Amino acid sequence: RRLLTKPQNLNDAYGPPSNFLEIDVGTPQTTGVGRQRYTNYEVRIKTNLPIFKLKESSVRRRYSDFEWLRNELERESKVVVPPLPGKALFRQLPFRGDDGIFDDSFIEERRQGLEQFINKVAGHPLAQNERCLHMFLQEEIIDKNYTPAKVKHAQTV
């Protein structure tokens with residue numbers, strides 16, 4: 001016996017999705033010199049999920065910020081946190097004949113891995129309740145001395 005379903009109209013089919021969370025990691029920028037050199041990425045979010053206070057935001061994050069988020073989630077939440085793309089230790093060795101971790105192909109590969117990581121993490125309902133995720137996605141500066149907490153609904157500051 002088949003369930004009766006109501007016919008779908010054009011608004012249902014082509015209207016905005018009821019709940020969405022889109023996160024892009026892009027626009028890599030390498031700055032600094034020597035040991036102070038690093039690459040950061042723009043993390044852009046668009047959402048209509050009520051738990052996020054900003055419906056659109058953009059912040060810049062470096063690989064170490066992603067590591068911080070992963071460590072915080074592992075320590076504070078019940079979420080099984082996916083791995084980050086590797087640290088690329090061999091690329092940091094001298095005399096390689098390329099730019100190592102600043103090589104365009106490596107930066108693009110890492111960007112894709114970071115984008116997959118953050119989309120998996122942020123798409124998890126339990127991770128969405130963690131204050132560290134909200135700071136990572138929506139606050140310009142990450143307060144690494146923050147008090148871990150659950151977010152019940154969008155916080156207004």
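What you see below is based on every heavy atom in this structure, not just the backbone, and it leaves out hydrogens, waters and symmetry mates. As the structure is a prediction and not an experimental result, all values here were calculated from the model.
Between Y41 and I107, the shortest heavy-atom contact is OH-O, 3.7 Å. Nearest heavy-atom pair across T47 and L49 is OG1-N, 2.9 Å. Residue E115 comes nearest to D24 through the heavy atom pair OE2-CA, 3.3 Å, listed as atom of the first residue, atom of the second, then distance. Nearest approach of D103 to S105, heavy atoms of both residues: OD2-OG, 2.6 Å. Nearest heavy atom pair, residue I23 against residue A122, reads CD1-CB, 3.4 Å. The minimum heavy-atom distance linking A127 with L73 is given by the pair CB-CD2, 4.5 Å.
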Applying side chain to side chain contact (heavy atoms under 4.5 Å, CB included) to W68 and C132, what does each step give before you reach the verdict? CA-CA 9 Å; W68 172 84; C132 59; 3.7 Å; yes

Applying ring pair (Phe, Tyr, Trp, His ring centres under 6.0 Å), run through F66 and F136 and close with a yes or a no. CA-CA 8 Å; F66 284 86; F136 179 89; 4.9 Å; yes

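When side chains are defined from C-beta on, N71 counts as touching E74, because their heavy atoms get closer than 4.5 Å. Side-chain contact between F20 and E22 is present, with heavy atoms from C-beta onward closer than 4.5 Å. Using a 4.5 Å heavy-atom cutoff, the side chains of K46 and K55 are not in contact. Side-chain contact between T27 and R44 is present, with at least one heavy-atom pair separated by less than 4.5 Å. Proximity of H134 to I51: side-chain heavy atoms (C-beta onward) are separated by under 4.5 Å at one or more points. The closest side-chain heavy-atom distance from P28 to N40 is not below 4.5 Å. Within the 4.5 Å cutoff, the side chain of K53 has heavy atoms near those of the E139 side chain. At a threshold of 4.5 Å between non-hydrogen side-chain atoms, the residues Q138 and I45 count as touching.
One N or O on the side chain of R70 and one on the backbone of P82 form a donor-acceptor pair closer than 3.5 Å. No donor-acceptor pair under 3.5 Å is formed between the side chain of R37 and the backbone N or O of T30.
M135 contributes atom CE, which lies 5.5 Å from atom CG of D143 (distance to the nearest 0.5 angstrom). Separating the CZ atom in R61 from the CG atom in L69 is a distance of 9.5 Å, to the nearest 0.5 Å. A distance of 4.0 Å separates CD1 in I142 from CG in D65, rounded to the nearest 0.5 Å.
Counting only N and O atoms by type, the side chains of Q112 and Q116 include no donor and acceptor under 3.5 Å apart.
Residue-environment remark: NZ (K144) exceeds the threshold of 12 foreign heavy atoms within 6.0 Å.
Note: the hydrophobic cluster containing V59 does not contain Y38 (ILVMFWY, side chain heavy atoms under 4.5 Å, direct or indirect links). No chain of hydrophobic side-chain contacts below 4.5 Å, direct or via other Ile, Leu, Val, Met, Phe, Trp or Tyr residues, connects V80 to L126.
The list of side chain to side chain donor-acceptor pair (under 3.5 Å) pairs with a residue in residues 118-130, not counting sequence neighbours, reads E130-K150.
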